[in-house]
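All remarks here apply to the structure that follows.
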Amino acid sequence: MQLEILRSPLSFLRHMLGDLPHERELAEFESWWQAEGQHISDATDRAGTPWLRMFDRSCRRIDEIQFAPEYWRAVRKGYQAGVVWRAFDEQSLLTCGLLGYITCFYDPGLTCPYVVSLATAVALDQHGSDELKARFLPQLLRRDDSVWQGATWMTEIRGGSDLGSNVETVARPAGDRWLLTGDKYFASNAGAELAVVAARPEGAPPGVRGLALFLLPRRRDDGALNYTIRRLKDKVATRSVPTGEIELRDSEAWLLGSREHGVYQILEVLNLSRTTNSLGSVAIAQRAMAEAAGFAGQRIAFGKPVLDHPLLHKQFAERLETLQDAFSLGWEAMQRLNEVWREKSPYSDRYQLFRLTAHLAKYWTSDMAPRIAQWAMEVHGALGVLAEFPVERWFREAMVLTIWEGTCHRQILDGLEVMERKGAHRTLFEHLRGGADSAEIEAIRRRIDAHLALPATQREAGAEEIFRDLAVFVARATRNVPVLA
């Protein structure tokens with residue numbers, strides 16, 4: 001059993017992927033986290049919700065989020081390493097995904113600002129006018145402390161899954177820009193210099209077809225605040241990303257792309273985040289297993305380390321297999337995203353393949369991570385529930401990633417839709433030929449086709465079992481495929 005690969009994220013990545021791009025830079029990034037970053041992360045988690053300073057001494061609204069200076073050093077470390085700019089320099093998301101994995105092993109909360117900043121930059125580059133890109137994109141791609149952060153704000157008080165019904169923010173035209181009025185209830189990376197925001201233009205039809213995507217800066221042209229933060233959320237975890245309630249009151253914004261394709265642009269943003277969330281879930285599970293293995297190797301019970309007892313030894317082996325399967329599925333989704341992240345609607349069959357893979361990966365990895373983290377607490381016995389030891393944190397962090405960017409329930413339903421309407425499972429099976437047994441492919445294809453032929457109520461009610469089986473099938477079919485080719 002190769003438990004030594006759990007000790008660091010880079011060890012695990014080398015085991016799974018072989019030679020890594022920019023390995024020296026990745027090793028330097030990991031070394032910084034080991035020497036300094038993890039201590040900053042621990043302190044940030046213990047400190048809890050940061051303080052929101054709403055006014056200065058002259059009673060002017062400033063909405064400054066108060067973290068320790070060390071926190072901001074940690075935030076900027078990832079931007080300097082290339083969690084955003086490398087995507088544009090390399091025209092690839094793979095190195096960004098690897099940097100995100102290392103970050104999430106040490107601090108899942110910080111992965112969120114990096115991912116939403118990347119999603120903001122990609123949406124702006126894909127759908128912004130030349131003037132908007134020239135004005136705002138360079139700030140997101142800086143490599144020093146002046147870098148701007150991005151954010152993706154969709155969710156409102158009534159929830160996030162049913163965007164067509166729940167987005168009440170209204171956009172009205174005002175010359176060369178739009179004015180947005182509404183409230184975003186669960187807005188991560190509050191305080192960001194730029195955000196992409198879902199809103200409904202005045203007169204647009206109801207439902208998701210009436211939504212559009214807008215680029216919203218933190219400050220107006222005159223320097224005044226363009227949005228305000230009502231309060232910050234007191235979360236059980238991911239405390240290194242400030243999540244708040246955002247008030248938009250005639251806030252200046254620019255339309256990204258066309259109004260008619262707004263829903264597609266919104267989903268592009270969400271699906272990028274879902275893919276990186278999948279890898280983050282695996283990183284959390286690896287961290288929890290690493291903590292459990294370290295403890296079980298030195299805890300003596302009945303005359304020997306508990307790790308050497310047959311039952312626990314077998315449990316470690318089983319979970320290590322699950323972890324590797326989960327990474328294979330998450331990395332498969334990242335590879336498929338890397339093929340199509342420059343596509344625009346109307347999308348190719350390969351894009352629909354990516355969508356299905358992303359839903360499978362987000363569903364299965366985020367369901368797996370809290371189960372492994374809970375088990376890691378159990379390995380520690382009573383010590384596992386004590387806040388002074390690190391393992392309970394990874395259970396808290398894993399529970400947040402289950403909910404971010406759509407729950408498991410949402411992924412199943414969206415995955416079902418892309419199979420039913422776009423036939424993405426057929427493209428998937430063609431893609432897997434050569435990496436999976438043809439008879440096994442045919443067997444699961446028949447199961448899916450039979451399931452899709454059921455009446456709608458039965459089709460939805462019974463979807464989880466077949467969706468889970470498909471996720472496991474794809475994970476194991478891709479595990480031995482060269483993944484950095």
Side-chain angles (χ1 to χ4, degrees), residues 1-18 20 26-27 30-31 33-35 37-39 41-42 45-46 101-108 237 278-331 364-402 472 475-476 479-480:
M1 186 166 51
Q2 301 171 303
L3 291 182
E4 66 274 4
I5 67 175
L6 297 173
R7 292 174 184 168
S8 81
L10 208 54
S11 296
F12 184 74
L13 291 172
R14 289 191 190 104
H15 173 76
M16 294 302 300
L17 302 177
L20 300 172
L26 293 173
E30 180 183 85
S31 294
W33 273 105
Q34 291 171 340
Q38 62 184 341
H39 304 298
S41 175
D42 291 344
D45 180 65
R46 291 293 181 90
Y101 189 92
I102 294 171
T103 302
C104 206
F105 181 89
Y106 294 103
D107 192 315
S278 302
L279 291 175
S281 293
V282 181
I284 292 173
Q286 183 197 337
R287 179 62 184 269
M289 285 195 67
E291 299 290 351
F295 179 81
Q298 57 84 34
R299 176 75 166 185
I300 305 299
F302 304 103
K304 59 183 177 181
V306 294
L307 182 59
D308 292 342
H309 289 267
L311 176 58
L312 191 60
H313 189 86
K314 181 174 183 291
Q315 289 180 341
F316 266 101
E318 290 172 345
R319 283 159 179 80
L320 183 57
E321 285 297 305
T322 298
L323 186 73
Q324 293 176 90
D325 286 345
F327 180 84
S328 294
L329 181 56
W331 193 252
W364 195 57
T365 60
S366 69
D367 182 63
M368 170 275 306
R371 288 188 286 107
I372 284 186
Q374 183 274 330
W375 168 83
M377 291 174 65
E378 181 184 336
V379 171
H380 283 74
L383 300 181
V385 300
L386 299 181
E388 64 187 283
F389 297 107
V391 69
E392 61 83 28
R393 177 183 175 188
W394 307 110
F395 180 67
R396 292 187 283 111
E397 302 281 11
M399 291 304 301
V400 176
L401 265 66
T402 302
V472 174
R476 292 175 181 167
R479 185 162 158 190
N480 295 318

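Worth knowing before you read on, the calculation uses all heavy atoms, side chains too, and leaves out hydrogens, waters and symmetry mates.
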| Minimum-distance pair of heavy atoms, taken over all atoms of Leu3 and Ala293 | CD1-CB, 4.3 Å

| said: Using every non-hydrogen atom in the two residues, find where Ser281 and Ala369 come nearest and quote the distance to one decimal. | reply: O-CB, 3.4 Å

| Do you know the tightest heavy-atom contact between Ala237 and Val400? | CB-CG2, 3.9 Å

| Between Asp42 and Arg46, is the closest basic N to carboxylate O distance under 4.0 Å? | no

| query | Relative to each other, are the rings of Tyr106 and Trp33 parallel, tilted or perpendicular (30° and 60° limits)? | reply | parallel

| task | Provide the closest heavy-atom pair for Leu401 versus Gly280 in the form atom of the first, atom of the second, distance. | result | CD2-C, 3.6 Å

| task | Output yes when a side-chain donor or acceptor of Thr402 lies under 3.5 Å from a complementary backbone atom of Asp367, and no otherwise. | result | no

| Within a strict 4.5 Å, meaning less than it, do heavy atoms of the Leu329 and Val282 side chains meet? | no

| field | salt_bridge(Arg393, Asp107) N-O dist < 4.0 Å | value | yes

| Can you check whether Leu323 reaches Phe12 side chain to side chain, under 4.5 Å on heavy atoms? | yes

| task | Measure the CE-CZ distance between Met289 and Arg319 for me, rounded to the nearest 0.5 Å. | result | 8.0 Å

| said: Measuring only between side-chain heavy atoms, which start at C-beta, is Asp325 closer than 4.5 Å to Trp364? | reply: yes

| task | Could you tell me how the ring of Phe327 sits relative to the ring of Tyr101: parallel (under 30°), tilted (30 to 60°) or perpendicular (over 60°)? | result | perpendicular

| request: Locate the shortest heavy-atom distance separating Ala475 from Ser328; write the atom from each residue and the value. | output: O-CB, 3.6 Å

| message | Any non-hydrogen side-chain atom of Trp394 less than 4.5 Å from a side-chain atom of Glu291? | response | yes

| task | List the atom of Cys104, the atom of Ile284, and the distance in Å for their closest heavy-atom pair. | result | SG-CG1, 4.1 Å

| So how far is it from Arg396 CZ to Met399 CE, rounded to the nearest 0.5 Å? | 12.5 Å

| request: Supply the atom-to-atom distance Met377 CE to Phe395 CZ, rounded to the nearest 0.5 angstrom. | output: 6.5 Å

| request: Would you confirm whether His309, through its side chain, and Ala301, through its main-chain N or O, come within 3.5 Å as a donor-acceptor pair? | output: yes

| request: Please examine the side chains of Ser11 and Glu4, heavy atoms only from C-beta on, and report whether any two atoms are closer than 4.5 Å. | output: no

| task | State whether the number of non-hydrogen atoms from other residues, nucleotides or ligands found under 6.0 Å of Arg14 atom CZ is greater than 12. | result | yes

| Side-chain (Glu397) to main-chain (Pro108) donor-acceptor, under 3.5 angstrom | no

| task | To the nearest 0.5 angstrom, please state how far the CD atom of Gln38 sits from the CG atom of Asp45. | result | 13.0 Å

| message | Using modelled atom types and a 3.5 Å cut-off, is there a donor and acceptor pairing between side-chain atoms of Gln324 and backbone atoms of Leu320? | response | yes

| said: As a quick check of understanding, evaluate side-chain contact (heavy atoms from CB on, under 4.5 Å) for Glu318 and Thr322, giving each step before the final call. | reply: CA-CA 6 Å; Glu318 290 172 345; Thr322 298; 5.6 Å; no

| query | If you measure from CG on Leu279 to CD on Gln286, what distance do you get to the nearest 0.5 Å? | reply | 11.5 Å

| message | Below 30° counts as parallel, above 60° as perpendicular, anything between as tilted: where do the rings of Phe316 and Trp375 land? | response | perpendicular

| said: Rounded to the nearest 0.5 Å, what separates atom CD1 in Ile300 from atom CG in Leu307? | reply: 10.5 Å

| request: Using only heavy-atom distances, determine whether the side chains of Glu392 and His380 contain a donor-acceptor pair under 3.5 Å. | output: no

